[in-house]
Engineer: 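I'd like to ask you about the structure that follows.
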Amino acid sequence: MDIWHIRGGNCLEGTAQIQGSKNACLPILAAAVIAPLRCELLRVPKLSDVDAALKILRCLGCTAGRRDETVYIDSTTLSACAIPHELMAEMRSSVIFMGALLARCGEAWLSLPGGCRLGKRPIDLHLKALRALGAEIEEEGGELHCRAGKLCGAVIELRFPSVGATENAMLAACGAKGETIIRNAAREPEIMALQDFLRALGAELEGAGTAEIRIRGFHPRGCVQFKIPADRIAAATLACAAAGCGGDVSLQGLESQQISTLLHFLNTAGCDIMAQHHALRIRSEGRLQPVGTVVTAPYPGFPTDAQPLLMAAMLRASGRTLIRETIFEQRFRHVPELCRLGANIQVDGDTAEILGVERLSGTAMQATDLRGGAAMILAALAADGESIVFDEGHVRRGYEDIDRTLENLGASIFLEHEGEDNGFNTAVQSSARR
Ligand code: UD1
């Protein structure tokens, strides 16, 4: 158990470097098995989800290790095409190994993936795409057995621009004979990152970032070096922290235009934003203006991952903000926890109404999922007094040293791994534990 101790009320000031992207890195780690190759990945964030992907690679017979921010993978030694249930359950992105293993081995044994509980998270679009390429997939009791004597290029029309299904289809298509066209493909920056990596591996493909991706063929190169792009949601998190706490924060190493929808709302809320290509400066008085209605949507719309983060920033706004969540059916599980701080939020179906309050007061909360847990930390930073966030490891699945990053910006935050001694008020902790 991780226990985040936060003393709220400090303004944030200073500069932070943005970590490598979790959501770009995980599909790229899966892609490393599509051909026998050695690769060196730079700027790989230290996250428990990345550790889980490295465990999967080792379990498949690959060599996978890390030195500082660089991960080395040798997939020439791959000797298995089955992933045990306990590794599949560690994260959602384990499902992307399905397309990669089919491309490499023509077979994959795995089970339904884990990940944040955000309501139903079906994989029917993944399976439909792989079947269109010629895979036979049997599902029984959560176990999946995929086989393809030969994968053949096809036209894949996605009912919804699912990020995961697009990634699985791209990887499997690299092992197919003939051209594949993915229509209504997801346009997220992580799809562009995967395209860039696959091109470095020798794949011939184009269109990532648009709704149509074409994969024409694959002539593997043996050795690749690739730098993981910056994490747009980690950048969004720090931008929302600065907005909600007040202060003057510069973020470096990000692609600001990837979070332009969020920056638009923070600007409407009264933040002063100076965005350059690889840097962003955000200045805020702390008490924001309401921003009207925010609706989550596939990229380039407002990201579902940033929804809890913007909500945290708006809790003390001087009026009403509405947030409509259209991607995941249960992505307001953080709301009852934020209300424990004194926030005024009403949820009706897919919409949350936030009525800004003047003050939030420190309390104990329980992290519900990765971004929900991060939102609790942000809200606690803007609250009076001490807060505690109990967390079964959700936040560290996606953020590298977020406590140190925030501390360097002037926040008072301390991460305790349960069982270790710390200087904080353990009386608050024991009375608050539920
Ligand atoms: C989603 C986000 C992505 C984010 C990631 C991590 C969207 C569109 N996707 O990607 O930006 O980085 O979470 O938090 O915002 N669906 C199906 N059948 C499927 C697959 C998905 O019905 O086979 C539905 C899901 O139930 C959901 C929607 O499609 O309503 C989005 O799913 P998808 O993009 O696949 O989710 P992730 O890949 O997890």
Side-chain angles (χ1 to χ4, degrees), residues 20-28 30 45 47 49-50 53 91-99 112-132 135 137 139 144 146 156-172 182 184-194 208-209 211 213 228-237 258-259 261-262 294-310 323-334 350 368-375 394-395 397-399:
S21 163
K22 166 178 100 71
N23 291 335
C25 181
L26 297 174
I28 285 172
L47 307 171
D49 270 12
V50 169
M91 58 162 178
R92 176 78 183 168
S93 290
S94 55
V95 75
I96 311 301
F97 279 90
M98 184 160 50
L112 293 176
C116 286
R117 285 190 289 124
L118 309 173
K120 273 203 287 293
R121 298 186 78 175
I123 58 163
D124 57 311
L125 296 171
H126 302 235
L127 303 184
K128 202 172 166 208
L130 298 178
R131 284 181 173 130
I137 304 173
E139 281 181 80
L144 298 162
C146 317
I156 297 168
E157 186 96 43
L158 294 176
R159 162 175 58 76
F160 178 88
S162 154
V163 176
T166 303
E167 291 164 344
N168 248 327
M170 287 165 77
L171 295 186
I182 307 170
N184 198 23
R187 290 185 280 163
E188 267 71 356
E190 294 74 32
I191 301 290
M192 303 248 259
L194 183 60
I213 299 174
I228 302 297
D231 193 312
R232 63 192 169 106
I233 305 301
T237 305
Q258 292 181 353
I259 54 167
T261 48
L262 172 74
V294 180
V295 182
T296 64
Y299 193 85
F302 187 86
T304 174
D305 280 356
Q307 174 262 104
L309 309 171
L310 180 63
I323 299 186
R324 208 175 133 228
E325 169 60 52
T326 71
I327 306 294
F328 293 113
E329 57 177 14
Q330 280 178 36
R331 207 168 194 175
F332 287 134
R333 293 172 63 232
H334 49 281
D350 64 1
T368 46
D369 57 83
L370 165 56
R371 307 303 170 187
H394 294 292
V395 173
R397 286 189 35 234
Y399 295 95

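Each residue takes its place number in the sequence, starting with 1. Counting starts at 1 for both ligands and their atoms, in listed order.
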Engineer: Between I213 and A185, which heavy-atom pair has the shortest distance, and what is it?
Structural biologist: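 I213 and A185 have their closest heavy atoms at CD1-CB, 3.7 Å.
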Engineer: With R331, which of T326, T368, D305 fulfils side-chain hydrogen bond (donor to acceptor under 3.5 Å, both in side chains)?
Structural biologist: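 Among T326, T368, D305, the one that satisfies the side-chain hydrogen bond (donor to acceptor under 3.5 Å, both in side chains) with R331 is D305.
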Engineer: Kindly say whether G99 contributes a backbone atom to a donor-acceptor pair with the side chain of N168 at under 3.5 angstrom?
Structural biologist: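 The answer is yes, because a donor-acceptor pair under 3.5 Å joins these two groups.
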Engineer: What heavy-atom pair brings L370 and H394 nearest, and what distance separates the two atoms?
Structural biologist: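 That closest heavy-atom pairing would be CD1-O, 3.4 Å.
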Engineer: Give a yes or no on whether the backbone of A186 and the side-chain of T166 come within a donor-acceptor separation of less than 3.5 Å.
Structural biologist: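 Looks like yes, one N/O pair under 3.5 Å.
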Engineer: In order of chain and number, which residues sit within 4.0 Å of ligand 1 by heavy atom?
Structural biologist: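 Answer by chain and number: N23, K120, R121, P122, I123, D124, L125, H126, R159, F160, S162, V163, G164, E188, R232, T304, D305, I327, F328.
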Engineer: Could you pull out the closest heavy-atom pair between G164 and I96, with the gap in Å?
Structural biologist: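 Looking at all heavy atoms of both residues, the shortest contact is O-CD1, 3.6 Å.
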